[in-house]
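What follows is a set of notes on a single structure, which appears directly below.
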Amino acid sequence: MVQIYVKYGTDFYLLDLEGKESINLKTTVRELNDITKIFAPFTQSFKIPLTHKNKRIIEFFGNEKILRNGNEFEAKIYISGFLFQTGILTVKEVAKEYSGNFASNATGLSDLIGDATVQDAFKPFDDQTQIRWDLQTLKDSLQTIKNITLTNGIILKYGIPFISNSRTWVYDENNLSIVDNIKHNQNRNSNQENFIKLSEVRPAVNLMAIMEHVILFYKLKVVCPIFSELNDLMVFCNAENLITQDSKAIAIENYNSFSVNRYETKDDFGNIDLPDNSEVRWLTTLNQTTGFWKVKRNLNSYPNVSNWFNGFDVDIQFNNLISLEGGNPKVRINVTDATTGIIYGSALIENSNLNTVYRFQDIPIYGRGFFNPPITGYNSQLDSNGEVYFKIEILPENLVSWSSFSIRTNQDFRYDRSGAFGSSRVLRAKFESKATNTQSSENYGGDKINLITTLPKIKTIDFLKSFFKTFNILIVNSGLEDGTMYWLTPNDIKAYNQPYSSRIETYDNGVLTNKKVANEYNQYLFSHKKSKYYDAEYGNGTRFGSLIYPLTPPKNPTKFEVATEFSIIKQNNFFKHPYAKTCLAFEKEGATVEPNGSNRYKPVFEEFTLFYLIRKELKGASLGSEATNTSNFKIDSILEPDFHNNGKSLAFGAEDIITNSLYLNYYKEFIERLLNPNCYQSDFEVVLKPNEIFINFSNQIQGQSNIPTGFRPQNEIIIGEQIYTLVDSTIDLTTGKAKLKLINNG
Amino acid sequence: MLGIPILTNIDSRDRLFLAQSPIHFNLQNNAGDSTIQSVTVEVYIWRGFQTADLPSTPNIVFNNIKKISPSDNYISIELSEQIQAFITSSNLNQNNPQWAYNATGKPTTSGEGVYFHIVYKVDSESVKQLGTYFATMGYRYNFEQKGGRYLDFIDPETPRRYAKSINYDRSFINFSTEKETSQSGTGLNGMIDQVDINPSNREIQTGVKCLIGYINRLGVWDTFTPFGKFVEAIDSKRDDFALNFRNPLNVNSQIQHLKTVGAVKGNRKFTINTSLIDENNNYQIQELLQSLKLYVVIFEDEVFETLNIGITVDSTLISVDNDSITVDSDTVRIQNIGFYSKFEQIPVKCNTTNFVKKTKLNDKSSISYTFEFESTNNYINDIM
């Protein structure tokens, strides 16, 4: 029996209903891995008879003249005494009865997550997910997995997988001079390529941290047994840019060695007293406390002399500016008004020359005029003393490092006079003020990378969907009041005596209404994303990790298709090391040849790549990683990327000797049943008893079964002398009349 | 809020509304002319004591409603739907009006009517009041409105037939209460005046099984006594489900049911004949057919006997030797002797839809009617 309680005043009152309402709950097992459908909010329309009580409760809806509070009412639906949904009843129409529409308060997950990316969920933790990206990190993280514990308790594990994204490494014990031979050799220096370079590797983070964070962020309650098997599963941080566009500007605030100098003078006029270095009327000064520069215009003292004829200049110089991603550094510098934040000048330094000077020439300041005071009508940025404060901000556009930073301002005093033979400059003086910032990028955190923003961009919903497809996970309601759901692989459903395990329910009143061939499919395709990795495709056109049966498409294919957004990467055998294996994280085509004869390839970016990271000792066959100009680090162990772990593979099909595939583990049983000619879909009409409609936990007493009774989609169902599993069910919760589509187990 | 209601006494028939018929008010400005533009009306609707239970805020507000045509000199509001809703559902957890037959006295009734009071303001004129009214679930006949005004309504006619062994009473609207003490029910200072009737001429025909209680045209409880044939029947509905069994070879078909029965729904129906009645009882038959609420009271043959007389204290019958003993409300008194002591009251609806008026002219003495009533509750209690 359906009951709707509606809030009127402070209390909830029962609406009069006709008693014919039914609430049908439809569950389709094939949709149970589509999280958007599982989380769709409950809606139901109701016909509400025009009884006097109902008229009062919904405030005489339809009477144009009566003052009402609106057409939406807080409401609760009870079925057979159980609270089924809480939400809003909207009354929309009245004819012979009111038409109302109930919508539950629960927001659908699609609305909740929308188009948000995994990265968005981590935004509040932006400062916590960063690691320094330097040569020391390279050395450490190539060898061990490290942890960061976020303030929400999530443990982010990271390491650098033994993968180059631009070249094929070589290992040769004997011939150390072979190009790209990364065997450790004490004598290698930074002019050589024969060690692992920071710019060719990327970190990886554990998938479970992402998953657990997403679950926590969206306040989901999940029990998922397979999580415990995935602790070593990592995701490659292979976003194209190591820096995100919304990275914060670094304000340079500390300077040393401030000095001023007058370096060019000309005085044909004779009797003009050019200011010297000590005069405050023009001086560029530096406030060391704030790091703000102050430039000052000549004011009234010399009415015929102007400075900043074309504005003032600012020179900026990085020392040892390099990109940590390889290639040219890219860094933007802004000269900004210190009080208003107005950008006076912005320049992108993109140069391989390590010590480039960048000049912001003639930074114009409004209010400039040939004669002082500034021309009336200009909205002068100068204050009443003719002064302006500016500061320097740095915005790296790729990950760069620098050792120090210099700044110099140039001011120009001049006086031009018109004469019978044209104008002539009779007076000029140039002054510079300079200082150095001796702090390196390290001190500003400028060489940190964010482990989350460097993951390939993926929508949270696609991330979850791909995860469910990878492991053939069903999302099943636990029936617990806190909204816990179970994410179950077919193996979990068969687990012994777990609250989520399948239970065998016998229905003694099933009536068979139809029976038909269960299998409508004639081609099965299982695949991850179509990857660009070097080894993604075999010579015969099949793709690494995918499974297609039959390979030649049938004439009228009806496909059963499982495709994820994930990539996996194959180990490559070219690297002949006795203990370590690597993968090639670059494209097969379009290599460039270096002068030394080696190939440089185009890295594959933005593929959400999964692999297990397994620590391997190199047992003396050490490798080298980039260190300083004159040395390299010795690497004695690596984190080997592998698409399988403990015999369980991330490939859908068998690969080489690895046959324990995703298909075998999670899909085989179901697909093979469909292929069996004795498999039918049987439609039954069953009347579920009240205690069979809702999940109940009365059996959860110690020593008894942990598995609750009641209708659950993961249950196995016995009708007569046959056992079935569920395909689709429609249950009228009010009467228990259920239509079940079942397929027979063997 | 426009202003606090200034209550008035309900002291004449024009302060009574029968809410199943329309309740119109035409509101005008002071001049009574077409300069009226809009009106705001606040309606207070309540039951209980007229003064003590007045709501603190209006129950219905007509906010700033505009006139329809420029030449209109009035703005009309109609209240019957709202008044009805407040009479039947003034308490949202029960349905009024209610009636309970009593073997030893007058029936207990409640919820027959409500007070309502109108405060209104036309344009920027000062706030006015229309005073307090009383309304029941009664109705007017169509000939009781003429030329834009209500005529006086007609009281129910009085001729009735009374049976032996049944308690009778009649209810009337009381127009003599004072607003300070008036209350909307029966009893002291009640708007409903409940009068015992001890008919001198009771029909002595035996076999009278039932009494029909109904809301009459004034919206108060009334009774009709049928003397004719009384047939009770039960309609039942059930769902059958087939049963399957594991290990079918071992099923003992002499013991096992192979079908199971779902919920059984039994529905009681009563076919009642009035027996021969007088032509001037026809009005009562009409009211009964148009009544919004009916009960059938079925009597068993047991009547109070001398043995039962006495007062009961906490339901124990004791002899009277002490004046200070207080008396339970269902004390059987000497005047109850001979009256039915056991009865069953059944809420019913009338299934008979057609009434062909029978008259002496057409039908001579054979004026009788047969009604079918149906219980509104299942015989098996399934109140959830």
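Worth knowing before you read on, the calculation uses all heavy atoms, side chains too, and leaves out hydrogens, waters and symmetry mates. Quick caveat: nothing in here was measured; it's all calculated off a predicted structure. Labels below follow one simple rule: chain letters A, B, ... track the order of the sequence lines, proteins then strands, and each chain is numbered from 1.
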side-chain contact (heavy atoms from CB on, under 4.5 Å), that's the test. Do A:Leu67 and B:Phe62 meet it? Break it down for me. CA-CA 6 Å; A:Leu67 192 67; B:Phe62 295 84; over 6 Å; no
Does the pair B:Asn93 and A:Tyr13 meet the rule for a side-chain contact (heavy atoms from CB on, under 4.5 Å), with working shown?
CA-CA 7 Å; B:Asn93 288 325; A:Tyr13 292 96; 3.5 Å; yes
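For A:Thr506, the part lying near chain B is the side chain, with the backbone staying farther off; criterion is any non-hydrogen pair under 4.5 Å. At a 4.5 Å heavy-atom cutoff, the contact between A:Tyr507 and chain B is made by backbone atoms alone. Contact of A:Asp11 with chain B is not made at all, since no heavy-atom distance falls under 4.5 Å. For B:Ile65, the part sitting under 4.5 Å from any heavy atom of chain A is the side chain, from C-beta outward, and nothing else. Contact of A:Lys53 with chain B is made through backbone and side chain together, with heavy-atom distances under 4.5 Å.
The environment of B:Lys349 atom NZ is sparse: at most 12 non-hydrogen atoms of other residues, nucleotides or ligands sit within 6.0 angstrom. Environment of CG in A:Leu512: crowded, with over 12 heavy atoms of neighbouring residues, nucleotides or ligands closer than 6.0 Å. The number of heavy atoms from other shown groups lying within 6.0 Å of CD (A:Glu669) does not exceed 12. The neighbour count for B:Tyr74 OH, taken as heavy atoms of other residues, nucleotides or ligands under 6.0 Å away, does not exceed 12. Annotation for A:Lys739: atom NZ does not count as buried by contact number, only 12 or fewer foreign heavy atoms lying within 6.0 Å. Counted within 6.0 Å of CZ on B:Phe49, heavy atoms from surrounding residues, nucleotides or ligands total 12 or fewer; the atom is thus considered open.
Taking B:Ile87, B:Val41, B:Ile77, B:Ile60 one by one and counting their heavy-atom pairs under 4.5 Å with chain A, the maximum is reached by B:Ile60. When each of B:Glu81, B:Gln82, B:Lys66 is scored by its heavy-atom pairs under 4.5 Å with chain A, the top score falls to B:Gln82.
Taken from CG in A:Asn509 to CG in B:Leu258, the straight-line distance is 12.5 Å, to the nearest 0.5 Å. Atoms CD1 and CG, from A:Ile66 and B:Leu79 in turn, are 7.5 Å apart once rounded to the nearest 0.5 Å.
Counting only distance, with no hydrogens or angles, the side chain of A:Glu721 and the backbone of B:Arg246 share no donor-acceptor pair below 3.5 Å. In this structure, A:Arg56 contributes its side chain and B:Phe86 its backbone to no donor-acceptor pair below 3.5 Å.
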